[in-house]
Amino acid sequence: MEKPIEFLPTILMPEIYRPFTGDESFFVSKIEEIAEEGFYRGIEIANIHDKEKRKRIQEVTSASELIVTQWMTAIITEHGLNLSAIDEKARQHAVDEILRNIEWANEAGASNIALVTGQDPGEELRIKAGENLVKSLSSICAEAAPYGIEVLVEPLDRHAHKKMFLGPTEDTYKILSTVKNNHPNIGFAFDTAHAALNEEEIETAIELAGPLMGQLHLSNAVLNPVDPLYGDHHIPLGAPGFLTYEKALSIMQKVKSQGLFAAKPFRISVEVRTNEHENAHSTELQTKQFLKRLLTEVRG
């Protein structure tokens, strides 16, 4: 009998609790609450600067068996890093900055780090950007491996809003597969909004990405280019975006039917941003209710 997929509900804390960015004590306290409540099986965090707070997160998540993923997005954005840079000096600088933060991720108990790539350099330079990205990811995977850390790469959109090099699922899969030939600790962080903005059929894209997928973000986006909300703004679920409950269920049923994720638990989170003056706790409650309903139905 085929082993069923174990779906692990996960919370993307930097987006849901965005108004508290910079308040590391808040995030430590919230992680303690999450561990005590017991619904979420994984947390996604940003970089934690304070060593004692990293230690506390490690203690809490280890005791409660919470899987920790640390996103490097803020580091990449704040420092203007580009792991797919054409310029070798800029590429190496980006790699060095990520490598410096792997130890911090390990101290916080992370078993995954997650990255985004740089801006799209244009069609003529994409082959070179891909070669450079393979070099960058290979170096990062080699550094992360002794810690038991998996390196996840999230492609964004290439033409719609963020205009990043990665990109289309097919291109991402080819690059990550090349890295995986020598570094098994590489993975694909799939985001539904990015695939939709790349004008991909999401269920088909998941089928392609499947062998490399480490986790899934259910993220909404407005796909009408004339709409003021067009793009990747991490909006609430439902209209005017494409990600209704029915669409999310279709996506999850595709994941379940793949049969590729039974070997290890599959992390899934809902990506909604709480903006300034909005209630983060209300956002968390709404996304949790959505995820509970979804997982209950997809588990059958």
Colleague: Just jot down the salt bridge (charged side-chain N to carboxylate O under 4.0 Å, His left out) partners of Glu150, sequence neighbours excluded, or say none.
Modeller: Lys264
Colleague: Mind jotting down which residue pairs meet the salt bridge (charged side-chain N to carboxylate O under 4.0 Å, His left out) criterion with at least one end in residues 174-186? Sequence neighbours excluded, please.
Modeller: Glu170-Lys174
Colleague: Please name all residues satisfying side chain to side chain donor-acceptor pair (under 3.5 Å) with Lys51, sequence neighbours left out, ordered by chain then number.
Modeller: Glu107
Colleague: With no hydrogens and no angle check, just 3.5 Å: does a side-chain donor-acceptor pair link Gln70 and Asn112?
Modeller: no
Colleague: Using a 4.5 Å cut-off between side-chain heavy atoms of Ile, Leu, Val, Met, Phe, Trp and Tyr, which other residues end up in the same hydrophobic cluster as Leu125?
Modeller: Ile86
Colleague: With no hydrogens and no angle check, do the side chains of Gln215 and Ser269 hold a donor and an acceptor under 3.5 Å apart?
Modeller: no
Colleague: Could you walk me through whether Val255 and Phe266 pass the side chain to side chain contact (heavy atoms under 4.5 Å, CB included) check?
Modeller: CA-CA 9 Å; Val255 170; Phe266 186 76; 3.8 Å; yes
Colleague: Glu44: which residues meet the salt bridge (charged side-chain N to carboxylate O under 4.0 Å, His left out) condition with it, sequence neighbours left out?
Modeller: none
Colleague: How would you list all residue pairs meeting salt bridge (charged side-chain N to carboxylate O under 4.0 Å, His left out) that involve residues 62-80, not counting sequence neighbours?
Modeller: none
Colleague: Strictly by modelled atom types, are Glu271 and His217 linked by a side-chain donor-acceptor pair under 3.5 Å?
Modeller: yes
Colleague: With a 4.5 Å heavy-atom cut-off, do Phe7 and Met252 have their side chains touching?
Modeller: yes
Colleague: Looking at Tyr17 versus Phe26, is the centre-to-centre ring distance below 6.0 Å?
Modeller: yes
Colleague: For the backbone of Leu243 and the side chain of Asn220, can you confirm whether one donor and one acceptor N or O come within less than 3.5 Å of each other?
Modeller: yes
Colleague: Keeping Arg54 on the side-chain end and Ile48 on the backbone end, is there a donor-acceptor pair under 3.5 Å?
Modeller: yes
Colleague: Whether the side chain of Lys254 engages the backbone of Ile206 through a donor-acceptor N/O pair (distance < 3.5 Å, no angle test) should be reported.
Modeller: no
Colleague: Taking the side chain from Ser62 and the backbone from Glu59, do they hold a donor-acceptor pair closer than 3.5 Å?
Modeller: no
Colleague: Not counting sequence neighbours, which residues clear ring-ring contact (aromatic ring centres under 6.0 Å, His included) with His234? List them please.
Modeller: none
Colleague: Going by the side-chain hydrogen bond (donor to acceptor under 3.5 Å, both in side chains) test, which pairs reach into residues 290-300, not counting sequence neighbours?
Modeller: Tyr245-Glu297
Colleague: Indicate whether any N or O donor in one side chain lies under 3.5 Å from an N or O acceptor in the other, for Thr169 and Asp171.
Modeller: no
Colleague: Run the salt bridge (Lys or Arg N to Asp or Glu O under 4.0 Å) test on Arg273 and Glu15 for me, step by step, so that the C-alpha distance in whole Å, both residues' side-chain angles and the decisive distance to 0.1 Å come before the verdict.
Modeller: CA-CA 5 Å; Arg273 175 178 297 165; Glu15 288 297 300; 2.7 Å; yes
Colleague: So, do His161 and His233 have ring centers that fall under 6.0 Å from each other?
Modeller: yes
Colleague: Who else is in Val226's hydrophobic cluster (ILVMFWY, side-chain heavy atoms under 4.5 Å, direct or via others)?
Modeller: none
Colleague: Report the hydrophobic cluster partners of Leu8, with the cluster defined as I, L, V, M, F, W, Y residues connected by side-chain heavy atoms closer than 4.5 angstrom, directly or transitively.
Modeller: Ile67
Colleague: Name all pairs fulfilling the salt bridge (charged side-chain N to carboxylate O under 4.0 Å, His left out) condition that reach into residues 228-246, sequence neighbours left out, sorted by first residue then second.
Modeller: Lys162-Asp232
Colleague: Is there a path of hydrophobic side-chain contacts, each under 4.5 Å between heavy atoms of I, L, V, M, F, W or Y residues, that connects Tyr147 with Leu115?
Modeller: yes
Colleague: Just checking, any donor-acceptor pair under 3.5 angstrom between side chains of Asp96 and Gln92?
Modeller: yes
Colleague: Linking directly or through intermediates, with side-chain heavy atoms under 4.5 Å: list the remaining ILVMFWY members grouped with Leu229, chain and number order.
Modeller: Val222, Ile235
Colleague: Between Thr204 and Glu200 (side chain of the first, backbone of the second, donor and acceptor by atom type, cut-off under 3.5 Å), is there such a pair?
Modeller: no
Colleague: Using a strict threshold of under 4.0 Å (side-chain N to carboxylate O), is an ion pair present between Lys30 and Glu37?
Modeller: no
Colleague: Check Gly231 against Ala221 and note the closest heavy-atom contact, atom names and distance.
Modeller: O-CB, 3.5 Å
Colleague: Can you check whether Ala160's main-chain N or O pairs, donor with acceptor, with Asp157's side chain at less than 3.5 Å?
Modeller: yes
Colleague: If we count only N and O atoms by modelled type, under 3.5 Å, do the side chains of Arg91 and Ser136 hold a donor and an acceptor together?
Modeller: yes
